[in-house]
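Scroll down for the structure; my scribbles are underneath it.
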Amino acid sequence: MNIGYACLTVGVPDTDQKSCMLKNANKEKLLELISYNLNSLENIIDYNIKNKIKLFRISSDIIPFGSSPVNNLEWWDIFDSQFSRIGHKIKTSGMRVSMHPGQYTVLNSPKKEVVENAIEDLRYHTKILDTLGVGEDNKIVLHIGGVYNDKSQAIRRFISNYRELDDSVKQRLIIENDDKSYNISDVLEIGSIINVPVVFDNLHNQVNPFDKSKSDYYWIDKCKETWREKDGIQKIHYSQQNPLKKAGSHSSTIQINKFMSFYEGLERDDIDIMLEVKDKNLSAVKCINCTSIDKSIKDLEIEWSRYKYMVLENSPSDYVEIRKLLNEKDAYPATEFYNLIENALSKEITIGNSINAALHIWGYFKKKATDREKNSFLNNIEKYEQGQTSLKTIKNNLWKMAVKYNQSYLLDSYYFI
DNA sequence: CACCGTCAAGTCGCA
DNA sequence: TGCGACTTGACGGTG
């Protein structure tokens with residue numbers, strides 16, 4: 001079983017994706033952006049390998065305007081060697097990647113042009129995975145599309161348009177239930193007609209259910225039947241509702257207790273779980289650590305090194321509790337650990353606590369800082385106390401110093417997120 | 001450096 | 001008939 005995250009990282013340097021506005025797109029700009037984004041992708045893959053994350057969704061934005069005539073670069077050729085190198089890393093590390101075109105890729109539209117664009121976009125996504133050289137179990141997940149006041153007609157259109165797709169696209173395309181038009185029963189029906197694997201999304205099913213009396217596990221079992229040997233093991237999407245936002249919005253982090261009860265109820269290992277959550281890789285590592293059988297206290301200590309100043313800033317009392325918890329070197333209290341972290345991060349930051357945490361970070365530079373840096377830091381703290389500057393300014397300042405003095409311990413800290 | 005309106009694309013609901 | 005929401009971060013222009 002693999003657990004992974006989608007598109008972006010949090011707190012990992014040099015992994016961001018860049019784009020530009022259409023009007024500013026030209027050959028030079030696009031080449032620069034693609035090169036930058038591939039470099040970020042490679043850093044993400046390296047990070048995933050280092051952190052034993054074996055499931056990852058590649059952002060559709062990796063090639064800006066990738067399926068638009070505005071971008072007529074033969075990027076698969078120009079950047080061939082970097083694609084191969086990244087693909088090699090993915091394959092040799094046993095990672096499984098995927099892609100997921102967004103809401104604008106609609107294969108079942110009644111408009112010819114919309115369908116043509118969708119086909120082009122699916123070709124683009126396929127080209128990325130093919131250029132990486134990853135196997136057929138690295139999939140492209142698509143929603144069915146619109147309803148247009150006639151669902152059965154819209155479904156028929158999806159099916160006939162699907163049948164016209166290139167074989168290379170068909171090899172990778174799989175379908176998913178969405179949160180307003182096509183529920184899991186609809187998608188299973190379509191999947192069985194065209195022989196395409198179905199991805200179950202638990203939150204979409206919660207918001208747009210076919211039958212509320214059926215459990216998630218019921219549908220997950222149904223979907224399993226749509227996955228063939230060559231497709232790899234079954235994949236699902238898992239997310240939790242953000243309690244502050246409207247139905248279907250992803251939570252900021254995965255609540256570990258809730259996830260663990262879902263996971264334990266699965267009673268299966270032959271399944272990949274793609275998390276959709278705001279804190280991305282943080283939740284992936286959390287869930288991996290809580291479900292792995294071969295981890296030790298060392299893995300929690302690594303996590304603690306990343307979370308500690310963030311926790312200190314939110315809740316000094318939880319900081320003390322967690323340190324106590326990690327004192328028992330033969331234990332592996334992963335879920336207790338993350339419960340305390342979640343608890344700490346749910347608390348509101350006070351000025352006093354944030355200054356305390358900033359001073360802890362400052363301790364790394366105290367002796368090496370120039371007089372100017374020292375004055376600037378202390379001056380900022382004073383101004384912050386009086387409400388004349390923001391915490392963000394202080395953190396930006398400390399981040400620059402962490403980079404300058406190459407404090408790798410701090411560069412990996414979530415304090416700066 | 002901080003702020004904020006805007007951004008390729010499609011569909012749907014609502015005024 | 002036309003506009004905002006959807007959902008999201010980042011671009012890019014401004015102060």
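Only this structure's heavy atoms are used, side chains among them; waters, hydrogens and symmetry mates stay out. Naming convention: chains lettered A, B, ... in sequence-line order (proteins, then strands); numbering from 1 in each chain.
- Looking only at atom types and distance, the side chain of A/His100 has no donor-acceptor partner in the side chain of A/Ser60 under 3.5 Å away.
- Nearest-nucleotide mapping onto DNA chain B: of A/Asp121 and A/Thr393, the residue sitting toward the 5' end is A/Thr393.
- For B/dA9, the OP1/OP2 oxygens have no side-chain nitrogen or oxygen of A/Thr105 closer than 4.0 Å.
- Distance A/Asp61 CG to C/dT7 P: 17 Å, rounded to the nearest Å.
- In this structure, A/Leu122 places its CG atom 14 Å from C1' of B/dG10, rounding to the nearest Å.
- In this structure, A/Asn397 atom CG and B/dA2 atom P are separated by 10 Å, rounded to whole Å.
- Side chain of A/Gln234 to main chain of A/Ile220: a donor-acceptor pair is present (N/O by atom type, distance under 3.5 Å, no hydrogens or angles).
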**Residues A/Leu55, A/Tyr5; criterion side-chain contact (heavy atoms from CB on, under 4.5 Å); working and verdict** = CA-CA 7 Å; A/Leu55 191 68; A/Tyr5 65 101; over 6 Å; no

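- Take the nearest nucleotide of DNA chain B for A/Lys111 and for A/Ser390: the residue whose nucleotide is more 5' is A/Ser390.
- Distance A/Asn208 CG to B/dT11 C1': 15 Å, rounded to the nearest Å.
- Counting to the nearest Å, the P atom of C/dT7 and the NZ atom of A/Lys280 are 14 Å from each other.
- Summarising the geometry, the separation between NZ on A/Lys392 and P on B/dC4 is reported as 11 Å, rounded to the nearest angstrom.
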**Item:** side-chain contact (heavy atoms from CB on, under 4.5 Å) between A/Asp46 and A/Lys89, intermediate numbers included
**Value:** CA-CA 8 Å; A/Asp46 288 342; A/Lys89 286 181 182 183; 2.9 Å; yes

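- C/dT8 is unpaired under the criterion used here, namely a Watson-Crick or G-U wobble arrangement in which both key atom distances are under 3.5 Å.
- The gap from the P atom of B/dC3 to that of C/dT7 amounts to 26 Å, rounded to the nearest Å.
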**Fill in**
Whether each nucleotide of nucleotides 8-15 of chain C has a protein heavy atom under 4.0 Å at its base (B), only at its sugar-phosphate (S) or at neither (-) is summarised, 5' to 3', as SSSSS---

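- Across all strands shown, C/dG2 forms a Watson-Crick or G-U wobble pair, both distances under 3.5 Å, with B/dC14.
- The side-chain ring of A/Tyr104 is not stacked on the base of B/dG10, judged by centre separation under 5.5 angstrom and plane angle under 30 degrees.
- Proximity of a side-chain donor or acceptor of A/Asp186 to a complementary backbone N or O of A/Asn183 within less than 3.5 Å is detected.
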Distances for protein N/O vs nucleotides 13-15 of chain B N/O pairs under 3.5 angstrom?
none

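- Dashed line: the shortest gap from a side-chain N or O of A/Tyr148 to OP1 or OP2 of B/dT11 is under 4.0 Å.
- Between A/Phe377 and A/Trp362, the two ring planes are parallel [angle under 30°; tilted spans 30° to 60°].
- Look at NZ on A/Lys151: it is 11 Å from P on B/dC12, rounded to the nearest Å.
- If you measure from atom CG of A/Asn108 to atom C1' of B/dC12, you get 13 Å, rounded to the nearest angstrom.
- Nearest nucleotide to the A/Ser109 side chain, out of B/dA8, B/dT11, B/dA2: B/dT11.
- The side chain of A/Val147 sits closest to B/dC12 out of B/dT11, B/dC12, C/dT7.
- Geometrically, A/Arg157 engages A/Tyr148 in a cation-pi contact defined by less than 6.0 Å to the ring centre and at most 45° from the axis.
- A distance of about 13 Å separates the P atoms of B/dG5 and C/dA5, rounded to the whole Å.
- In this structure, A/Lys395 does not reach the B/dC1 phosphate: none of its side-chain N or O atoms is under 4.0 Å from OP1 or OP2.
- Classified by interplanar angle (parallel below 30°, tilted 30° to 60°, perpendicular above 60°), the ring pair A/Tyr238/A/Phe259 is perpendicular.
- Here A/Asn396 lies in heavy-atom contact (under 4.0 Å) with sugar-phosphate atoms only.
- Each of B/dA8, B/dC1, B/dT11 was ranked by its minimum atom distance to the side chain of A/Lys400; first place goes to B/dC1.
- Under a 3.5 Å cut-off, the side chain of A/Tyr182 and the backbone N or O of A/Gly146 do form a donor-acceptor pair.
- A donor-acceptor pair under 3.5 Å links the side-chain atoms of A/Lys139 to the main chain of A/Glu136, judged by distance alone.
- Rounded to a whole angstrom, the distance from the C1' atom of C/dC3 to that of B/dT6 is 16 Å.
- Ring geometry for A/Trp304 versus A/Tyr319: interplanar angle of 30 to 60°, hence tilted.
- The P atoms of B/dA8 and C/dG13 are separated by 12 Å, rounded to the nearest whole Å.
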